[in-house]
Structures are given as C-alpha cells and as structure tokens.
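Notes for the one structure printed next.
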Number of protein chains: 2
Amino acid sequence: MIPPVTGRSSSDLELVRDWMGTLADLGGAAGMLGWDRETLMPPAGAEGRASLMGTLAALHHRELVREDAGDALAALAEDDGLSGDDAAAVRLATRARDRAVRVPESLVREISEASSRSVSAWVSAREADDFGAFSGPLAVLVGLKRQEAEAIGVGDEPYDALLDEFEPGARAADLEPVFAGLREALTPLVAEAAERPARTLPEREWAFDGQRALANEVAELVGFDLSGGVITTSAHPFTGSPHRGDVRFTTRFELGTPVSGLSAVMHELGHALYEQGFPGEAVRTPVHDAPSLGAHESQSRFWENQVGRSPAFWERIEPIMRRLFPDAMQGIDPALLHDSAQAVRPSLIRVEADEVTYNLHIALRFGLELAMMRGDLTVDDLPGAFADGMEELLGIRPPTTALGAMQDIHWADGLFGYFPTYTLGNLYAAQLADAADEALGGIDRAVANGEFLAILGFMRDRVHRHGARRPTRELMLEATGRELGPEALIAHLERSYLDR
Amino acid sequence: MIPPVTGRSSSDLELVRDWMGTLADLGGAAGMLGWDRETLMPPAGAEGRASLMGTLAALHHRELVREDAGDALAALAEDDGLSGDDAAAVRLATRARDRAVRVPESLVREISEASSRSVSAWVSAREADDFGAFSGPLAVLVGLKRQEAEAIGVGDEPYDALLDEFEPGARAADLEPVFAGLREALTPLVAEAAERPARTLPEREWAFDGQRALANEVAELVGFDLSGGVITTSAHPFTGSPHRGDVRFTTRFELGTPVSGLSAVMHELGHALYEQGFPGEAVRTPVHDAPSLGAHESQSRFWENQVGRSPAFWERIEPIMRRLFPDAMQGIDPALLHDSAQAVRPSLIRVEADEVTYNLHIALRFGLELAMMRGDLTVDDLPGAFADGMEELLGIRPPTTALGAMQDIHWADGLFGYFPTYTLGNLYAAQLADAADEALGGIDRAVANGEFLAILGFMRDRVHRHGARRPTRELMLEATGRELGPEALIAHLERSYLDR
C-alpha cells in the first residue's frame with residue numbers, strides 16, 4: 001500500500017524537525033557543560049562532570065540513530081517540494097545519522113575507552129618524556145580508528161572517512177598537492193623572514209583588568225554583540241555557543257605583554273562573530289552551523305591574521321591602549337606594537353608558532369597521520385619521523401619526544417584528520433581577504449577608517465548567513481571566486497613579512 | 001511462564017540503577033543550565049535557553065515514565081534481598097515515577113502553559129498594581145492545580161498532594177496546629193521586640209572586593225570545600241549542584257552594609273554544606289539528596305540564624321572584617337555588628353523580613369493557599385484576605401496589591417504547598433540547634449572557640465550523611481529527639497530578642 005504523499009511528507013517533516021531540535025538542544029547542553037568545565041567548574045567536579053557529559057552523549061547517540069527519524073529522512077530525501085532550508089537540513093542530518101548508524105555500538109564504545117586510556121597514558125608519558133608508555137595505547141587507537149573509517153566507508157581511503165567528519169567533502173588526494181605547494185613556498189619564505197631582526201616591547205606590566213577592558217572594547221569595535229555574548233578566561237582560549245543568543249569565547253592574558261592576549265581575542269572573535277551570524281531562521285537545525293571546521297577556522301584566522309596583524313589595525317587600537325594603559329604605553333608607538341606581533345622564528349611548539357611557520361607544523365602532522373592511516377608509518381616509528389620532519393621543514397630538531405610527536409593531544413584523543421582544518425582555515429582566510437580587499441577597496445583602508453562593521457558585513461553576506469547550507473568548497477568558491485589553493489596565503493605572507 | 005527470580009532481580013536492579021543515573025544526570029544538566037541562566041547568560045539567550053531547558057525537561061519526563069523502569073521497580077519492591085540504600089532508592093524513585101505517571105500528559109502541558117501565562121500576567125500586573133489583569137490566569141491555574149492534586153491522589157485533601165511534592169509525608173492537617181501555635185506565640189513576641197530600639201551601622205562604603213573576600217573566608221571557616229565549590233553573585237541568592245564535587249551558591253552584596261550580604265552567605269552556605277555532605281556512596285540515585293525542601297531549609301536557617309546571628313559569631317568574624325575593611329570598620333565593635341543584624345520590625349516584604357516576623361508571613365500564605373485549594377477562598381477575594389491577614393498578624397496593611405497578594409512569584413508559577421517548607425526549615429533548625437547545644441556543650445561556646453568544624457560534624461552525622469534515606473519527620477525525630485513543634489523556635493527567638 002502506498003501512503004498518501006502529502007500527509008505523509010508533512011508529518012515526516014514535523015518529526016524530523018522535532019528530532020533535529022532535540023539533537024541541537026542536547027548538543028547545546030553538552031556545550032554548556034563543556035564550557036563550564038573549562039572556565040568555572042571546581043577540580044573535585046571532574047568525575048561527576050564526565051559522567052553527566054557521558055550520559056548526554058549517550059542520549060544524543062540514542063536520539064541520532066532513531067529508526068523513525070531514519071525512515072522519515074529517507075522519505076523526505078525523495079520529496080521535491082521541500083524548501084531549500086528543509087532540504088539542506090535533511091541532507092545534513094542524514095549525513096550525520098548515516099555516519100552514526102554505520103559504526104557498530106561496540107566499536108563506538110571500544111574507541112571511547114581506548115581514547116580515554118590513550119589520553120591518560122599521553123598525559124603521564126609526555127610528562128616523563130617516555131614515548132614507550134604511550135605507543136601501546138596509541139597503536140590500539142590507530143587500529144580502531146582505521147576500523148571506524150572502514151565502517152563509515154566514505155572517500156577513497158580510510159583517512160578520508162575521518163577527515164570527512166571535520167571537513168565534509170575534503171579528500172586526502174586533494175589536500176596532498178595543496179600541502180606540497182605550501183611546503184615548497186613556505187620553506188624559503190621562513191628562512192628569509194627569520195633573518196629579519198625582531199622588535200619586542202619593553203619589559204612592563206600590563207594589568208589584567210586593563211587587558212579585560214581592552215578585550216571588551218575590541219570585541220564591540222569589530223561588531224560582537226555583547227548582549228548575546230560572554231567573554232571570560234580559560235587556560236586554552238576557545239569559543240562555544242549553547243544556543244542562539246548566547247555565544248561565548250575565552251581568552252588568556254599574559255602580564256608581560258598585551259599582544260598575545262589581543263591576538264587570542266581576535267582569533268576567538270572570528271569564531272564568535274561567525275556563530276552570531278548563523279541564519280536565525282534555521283535555528284535548532286544543522287543548517288544553523290558552519291559547514292566544516294575549516295570554514296570556522298577561516299573566520300578566526302581572518303580576524304586574527306588578515307585584520308589583526310595589519311599596521312592599520314595597530315594604528316586604530318593604539319589610542320584605546322594608551323587610554324587603558326597610560327603608563328605601560330609610554331614610548332610605544334603603533335609600529336612597535338605591530339612589529340612585536342610579527343616576529344618569525346622557527347620554533348618547536350605549534351600553538352605558539354607565528355603566522356608564517358604555523359602551516360609547516362600542520363603540513364608535518366598531516367603527512368604523518370596520513371601515513372599512519374595508510375599503514376605506511378608505524379606508531380613506533382612516529383617519534384623519529386616527527387623529528388626528521390621538523391628538521392627538514394623548520395631546520396630544528398625536537399630535543400625530546402615530549403616536544404615532538406607527543407606535543408599535541410589530538411592523536412592521543414583519536415582526532416585523526418583534524419589538523420588539516422587549521423591550514424584550510426588559513427588558506428580560506430587569505431582568499432577571503434583578497435575578495436574583501438576587492439569588495440571594500442582594501443581591508444587596510446577600511447580598518448584605517450574604523451569601518452570594522454563594513455568588514456563584518458562582507459563576511460556576514462558571503463559566509464555567515466549561509467550557515468551550513470552549502471559544502472565549504474562551494475561556499476568558498478562563491479565567496480572568493482577561486483578554488484582552494486596556497487597562492488593567496490603565500491602572497492599575503494610575502495607582503496606582510498618580506499616586502500616591508 | 002515464571003521468569004527465574006535471581007537473574008530477574010539483578011538485571012532489574014541494573015536497569016533501575018542506569019535509569020536513576022540517567023535521571024540524575026539530566027537533572028544535573030538542567031541545574032547547570034539554570035545556574036548559568038541566573039549568573040552568566042547574556043540577555044539575548046533567554047529564548048534559546050528556554051527551548052533547551054524545555055527539551056531536557058521533556059527528555060527527563062520521557063525517561064521517568066519508562067514502562068520497563070516501572071516494571072523493574074515493581075519487581076524490586078517485592079525483593080527482600082536489596083541493600084538498605086537500594087531499597088531506599090527504589091522507594092524514592094517509585095514515588096517520583098508514580099507522581100509523574102498519574103498526571104495525564106495533556107494536564108502537564110496545560111499546567112505548564114497556564115503557569116507561563118500566569119507568570120507573564122503577574123509580571124505586568126504587579127508592575128501596574130492591577131490585580132484584575134492577573135486574577136483570570138491565576139484562577140485557571142488554581143483550577144488546574146486542583147485537578148493535578150486529584151490525579152495524584154496523595155493525602156486526605158487536594159492540598160496534601162501538592163504539599164507532598166515539596167515535603168514528602170507532610171499533611172495540611174498536621175501543619176495547621178503547628179502554624180496556629182506559631183501565630184499565637186509570635187504575635188506578642190513581635191509586638192514586644194519591635195519596641196526595642198534598633199542600632200544600625202554608620203553610613204559607609206563596603207567595597208565588593210572585600211565582601212567577596214569575606215564570603216570566601218567565612219565559607220572556608222565553616223568548612224565549605226572550595227575545591228568542590230563555586231561562589232558567585234546573582235540577583236537572588238541560591239544554591240545548586242549539577243553533580244557531586246560541584247556545589248555552587250550565589251550571594252549578593254550591598255555597598256552600604258556588609259551585614260545583609262553575610263547573612264545571605266550564611267544562608268546559602270547552609271544549603272551548600274548539606275549538598276557537599278550527601279552520602280557519596282549513593283551518587284546518581286535519589287538517595288543523594290535531601291528528603292524534602294523543609295530538611296534543606298533547616299540547614300540554611302541553622303547556619304543563618306542559629307549560628308550566624310549569635311553574638312559569638314560576630315565576635316569571631318570581627319577580626320576578619322577589620323583586616324579586610326580597616327577603614328569602614330573604624331569605631332564598629334562586634335556588639336554593634338550583631339545588633340545591626342537583629343532589628344525586628346513588622347514590614348511588608350517577606351524576603352526582607354527579620355527572623356521574628358518572617359514566619360508570620362509564611363503562616364498567612366499557608367492559610368490563604370490552603371483555603372484556595374479547599375475552595376473556601378476565591379481568587380477574587382485573595383487581595384482583601386491577604387491585606388486583612390497582614391493587618392491581623394503584623395499590624396500593617398499593604399497599601400497596594402503589588403505589595404500584598406501579588407508580592408511573591410510562587411502562586412503565579414503554580415507553586416502551591418511550597419511556602420510552608422520555609423517555616424518547617426526554621427522549626428527544624430531551632431530543634432537541631434537545641435540538639436547541637438546538648439551534643440557540643442553549647443553552639444555559642446563552639447563558635448567562640450572557632451570550632452565550626454565540630455558544628456559541621458554534628459550536622460554531617462545527624463543529617464547530611466543520611467541523604468534522603470529516611471523521610472524528613474523520621475530523620476528529624478532521630479536527630480533532635482522531638483516531634484515537630486514551634487517550642488524550640490519560640491524559645492530561641494525569646495532568648496535572642498527579649499532576654500538580652
């Protein structure tokens with residue numbers, strides 16, 4: 001018997017909308033608990049919080065794989081009469097559900113337990129610089145993640161299925177030439193830029209209260225809506241949003257310099273402005289999101305590097321800083337502020353790397369994790385390969401594995417395919433900056449005139465308001481007029497670091 | 001076919017434990033979102049937060065009424081082999097599930113919508129002092145709450161079923177003589193105490209930073225574990241705990257006096273110390289809780305009034321205050337601090353009432369809401385009855401309904417049967433203080449010697465560590481050696497306000 005098409009479809013849509021709303025709310029609740037864990041939760045709460053978040057994750061999974069939702073999604077996928085947003089939401093929700101359904105629950109549990117063990121081992125092994133105490137749990141996790149990738153079965157090789165979680169549509173085979181081009185262009189650029197003398201601020205104290213006030217003023221200046229936002233501090237800056245109307249980011253301040261704190265603020269502001277710009281009409285659906293981590297990172301890198309590292313930016317910020325820090329600012333001009341934020345030096349730690357060397361850290365990690373997933377590199381050989389790669393790309397060899405292959409938590413946590421999204425963000429940010437230059441008659445000009453809202457307006461129009469409706473590649477092609485490539489970023493870095 | 005008994009029972013227990021854990025975690029997540037709403041959430045987040053909390057409430061209800069959990073609970077109720085804690089948890093969970101199952105979902109939804117409308121009407125009607133704009137929605141809500149009470153069918157009359165939600169086991173017929181005794185004893189006591197001259201602190205500024213530091217020091221002094229706790233500020237002080245190891249309370253500070261802030265801190269500390277003292281072995285079960293709101297309030301009132309209003313307390317706190325407020329404390333001695341916290345004056349607003357008049361505000365509300373539920377008082381007659389009651393009990397007549405029957409949010413929100421728990425807390429607190437006096441050779445002596453941890457130890461032993469294992473009446477009979485009555489409170493008030 002064929003059910004009546006109209007009635008069926010509209011009740012399917014109702015069911016799917018409710019279901020998507022519940023998933024969004026459960027995700028938002030988990031986000032709130034995670035935010036609080038990093039900012040306010042007292043230490044004794046760790047165990048209880050883990051249990052609570054585990055329960056929410058289990059309920060989210062239970063909801064995600066609901067059979068009636070699967071049936072309704074399948075019916076709606078055949079329906080030509082859906083609105084564009086409903087069709088996009090159905091497509092995105094189907095994708096998420098399919099991924100969840102394909103991985104057997106037993107494997108989900110195995111991976112969850114293996115990554116808990118691996119993170120624990122990593123914490124102590126890194127402290128003791130004893131890779132041998134970490135390699136066993138890591139090898140187990142690598143094996144399980146390959147199984148997961150096979151089960152998901154997206155793309156042409158296991159790595160693709162993992163990458164696809166963070167960057168839907170991206171494939172290793174497409175990224176390899178991009179990273180090869182980056183490595184080729186960046187290596188000489190780093191060598192040349194690193195020879196330039198670095199200027200630093202004189203040793204002074206920059207009170208936290210003043211830095212907090214600065215963060216707030218800068219946030220308002222660039223268009224962050226504080227009536228729907230919160231800014232606090234945490235050990236590692238991050239941005240989150242439990243639901244529309246509440247977008248939060250953290251930063252951290254150093255007493256000895258305001259520059260690193262301000263960079264962190266600009267970075268997180270990029271993420272936060274994006275979240276505030278998601279299409280309100282798509283709230284509680286997967287359209288009310290970024291299409292990928294790379295797209296999200298394009299926004300943070302745009303505001304941090306393309307806007308926040310320009311000489312015009314420091315010209316604009318300097319009077320605010322002089323008002324907030326009348327003593328510490330004595331003898332400091334905008335050029336010195338700018339130069340102190342621009343030093344290029346090959347260094348060991350990715351998260352502290354400058355804008356020029358940063359993508360070489362990622363290129364290294366991308367190559368290594370791809371080789372592991374392809375079975376071309378064993379976990380035991382990882383530390384040596386990491387050190388060799390650092391030497392080849394940056395000319396420095398990590399003195400310990402703790403400062404080398406055990407530096408980041410990502411692999412310990414099973415996050416393979418995550419690293420490339422950082423570089424994708426940098427590449428898209430540079431392409432977006434070129435497009436903004438064209439549309440606004442120069443970002444620098446706009447910044448010099450204090451037209452931050454015009455820059456935000458450009459980004460709202462080209463990126464934010466589309467949410468996750470289109471895949472990142474399509475969104476960015478439309479927004480920048482170009483396919484993904486290293487050229488725009490390389491040109492930006494040459495302009496900023498060699499031609500001055 | 002009869003299933004094998006042993007296997008059945010152990011798998012039932014496993015199911016029920018999982019189910020209770022999920023309920024506890026969902027409750028904890030909702031608590032966290034509520035906490036954040038009152039402390040950190042930006043204004044634009046209100047709508048999204050309501051949706052998110054609504055989803056969690058719906059999932060909690062869906063989980064609570066699960067049929068398989070009902071079957072397992074029924075089987076376990078017949079099982080004599082359960083441990084004491086499992087049996088208590090099964091009893092408490094069955095009680096909660098039964099209440100939820102008995103009320104039809106349509107009525108739940110009607111009440112939820114009616115109370116939303118009633119609260120909205122109350123907000124604007126109170127502002128305009130226009131009871132006519134509130135009486136309609138309130139009357140609807142009263143009718144629905146009576147239906148709910150009939151559906152629950154606990155106790156001898158509708159009011160009992162509502163009261164039983166907040167104070168399991170309590171019955172209107174038992175409370176009526178208690179309140180009658182209180183009214184009789186308090187009316188002359190208020191008249192006499194109010195004639196005494198009141199001493200107040202000189203007009204000075206008490207910096208918020210100092211008051212925050214004072215709150216922290218006092219919290220540590222009385223034994224609050226800050227490694228598992230958080231103290232912040234909010235418009236209305238409250239205590240909450242998303243899960244074990246994370247107990248939070250808020251307070252508020254007035255610039256013109258440190259006394260009201262410190263009283264609020266002592267009150268919330270009582271709640272917070274209780275939460276930290278719940279039995280850890282019963283975590284994620286309904287045993288890891290207070291048996292009733294009255295029991296919970298007994299702890300806040302004990303620390304606020306029985307400890308925090310004693311002359312010995314101010315003697316002990318004064319050096320800390322002098323260190324934190326060297327200027328503001330000039331010319332202020334412990335006796336003046338104490339006296340400024342002790343003024344007795346009949347006043348209109350319940351939440352600002354002193355310790356002596358407070359319970360008359362509750363007696364009035366208890367009588368009125370009981371009469372409404374019995375059908376002896378219509379909503380239209382409520383404002384007059386409220387004003388007459390204030391005049392009779394406190395000798396002052398509210399000049400407006402906004403300052404009278406529309407003063408509190410409770411009725412607008414459908415919280416009938418909630419008010420008496422405040423007075424139950426005061427009564428139990430006084431009885432506990434008598435027992436502590438006996439056990440410790442005087443609370444005042446212990447406070448004077450700084451033996452706060454001995455007082456906390458008494459409370460941990462008699463009340464906290466039992467969680468919700470026993471009903472409040474039984475717990476308090478065991479802890480204080482007496483049945484509930486007004487005598488201990490009256491004696492405390494006479495000692496504190498007349499005999500000095």
Side-chain angles (χ1 to χ4, degrees), chain A residues 18-37 39-60 62-63 209 224-232 241-248 272 275-276 278 280 283-284 288, chain B residues 18-37 39-60 62-63 209 224-232 241-248 272 275-276 278 280 283-284 288:
Chain A
D18 274 355
W19 170 76
M20 293 189 303
T22 300
L23 287 170
D25 287 340
L26 280 170
M32 182 71 245
L33 289 158
W35 160 276
D36 180 85
R37 184 184 57 196
T39 54
L40 204 63
M41 186 188 81
E47 197 184 326
R49 184 62 52 95
S51 155
L52 212 156
M53 293 181 75
T55 294
L56 287 192
L59 289 174
H60 189 278
R62 197 203 282 176
E63 190 72 22
D209 275 355
F224 184 64
D225 175 9
L226 279 164
S227 80
V230 177
I231 309 175
T232 60
S241 172
H243 47 71
R244 192 163 180 85
D246 187 350
V247 174
R248 299 156 173 231
E275 299 262 339
Q276 289 193 332
F278 288 157
V283 70
R284 299 179 82 232
H288 192 267
Chain B
D18 274 356
W19 169 77
M20 292 189 304
T22 300
L23 287 170
D25 287 339
L26 279 170
M32 182 72 245
L33 288 158
W35 161 275
D36 180 85
R37 184 184 57 197
T39 54
L40 205 61
M41 187 189 80
E47 198 185 325
R49 184 62 51 97
S51 154
L52 213 157
M53 293 181 74
T55 294
L56 286 192
L59 289 175
H60 190 277
R62 197 204 282 175
E63 190 72 22
D209 275 356
F224 183 63
D225 175 10
L226 279 164
S227 80
V230 176
I231 310 175
T232 60
S241 172
H243 47 72
R244 191 161 180 85
D246 187 350
V247 174
R248 301 159 170 228
E275 299 262 339
Q276 288 193 331
F278 288 157
V283 72
R284 299 180 81 230
H288 192 267

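Residue numbers begin at 1 in each chain, while the letters A, B, ... track the order of the sequences. Small disclaimer: the values here were computed from a predicted structure and weren't measured.
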Review point. Arg244(A): what forms a salt bridge (Lys or Arg N to Asp or Glu O under 4.0 Å) with it, not counting sequence neighbours?
Key: none

Check your understanding: Pick from Gly45(A), Ala58(A), Ala46(A): which one has the most heavy-atom pairs with chain B under 4.5 Å?
Key -> Gly45(A)

Revision key, fill the gap. All heavy atoms of Arg62(B) vs all of Glu63(A), minimum pair found to be NH1-OE1, 3.4 Å

Check your understanding: Which atoms of Arg49(A) come close to chain B, meaning under 4.5 Å heavy atom to heavy atom: side chain ones, backbone ones, both, or neither?
Key -> both

Check your understanding: Which atom pair, heavy atoms only, marks the closest approach of Ala44(A) to Gly228(B)?
Key -> CB-CA, 3.7 Å

Review point. Can you name the closest pair of heavy atoms from Ser227(A) and Pro42(B) and give their distance?
Key: O-CB, 3.3 Å

Exercise for review: Would you mind telling me which of Ser241(A), Gly229(A), Gly28(A) has the largest number of heavy-atom pairs within less than 4.5 Å of chain B?
Suggested key: Gly229(A)

Revision key, fill the gap. Shortest non-hydrogen pair, Ala29(A) vs Leu52(B), comes out as CB-CD2, 3.7 Å

Review point. Roughly how far, to the nearest 0.5 Å, is the CE atom of Met32(A) from the CZ atom of Arg37(B)?
Key: 12.0 Å

Review point. Between Glu47(A) and chain B, which part of the residue has a heavy atom less than 4.5 Å away: side chain, backbone, both or neither?
Key: neither

Point to revise | Rounded distance (nearest 0.5 Å) linking atom CG of Leu56(A) with atom CG of Leu59(B) | key: 9.0 Å

Study note, to complete from the structure: Note: vs chain B, highest number of non-hydrogen pairs under 4.5 angstrom among Val283(A), Val230(A), Asp36(A), Asp225(A) is Asp36(A)

Review point. What's the spacing between Ser51(A) OG and His243(B) NE2 if we round to 0.5 Å?
Key: 8.5 Å

Review point. Relative to chain B, which of Asp25(A), Leu26(A), Leu226(A), Thr22(A) shows the most heavy atom pairs under 4.5 Å?
Key: Asp25(A)

Exercise for review: Using side chain to side chain contact (heavy atoms under 4.5 Å, CB included) as the criterion, list what pairs up with Asp18(A), not counting sequence neighbours.
Suggested key: none

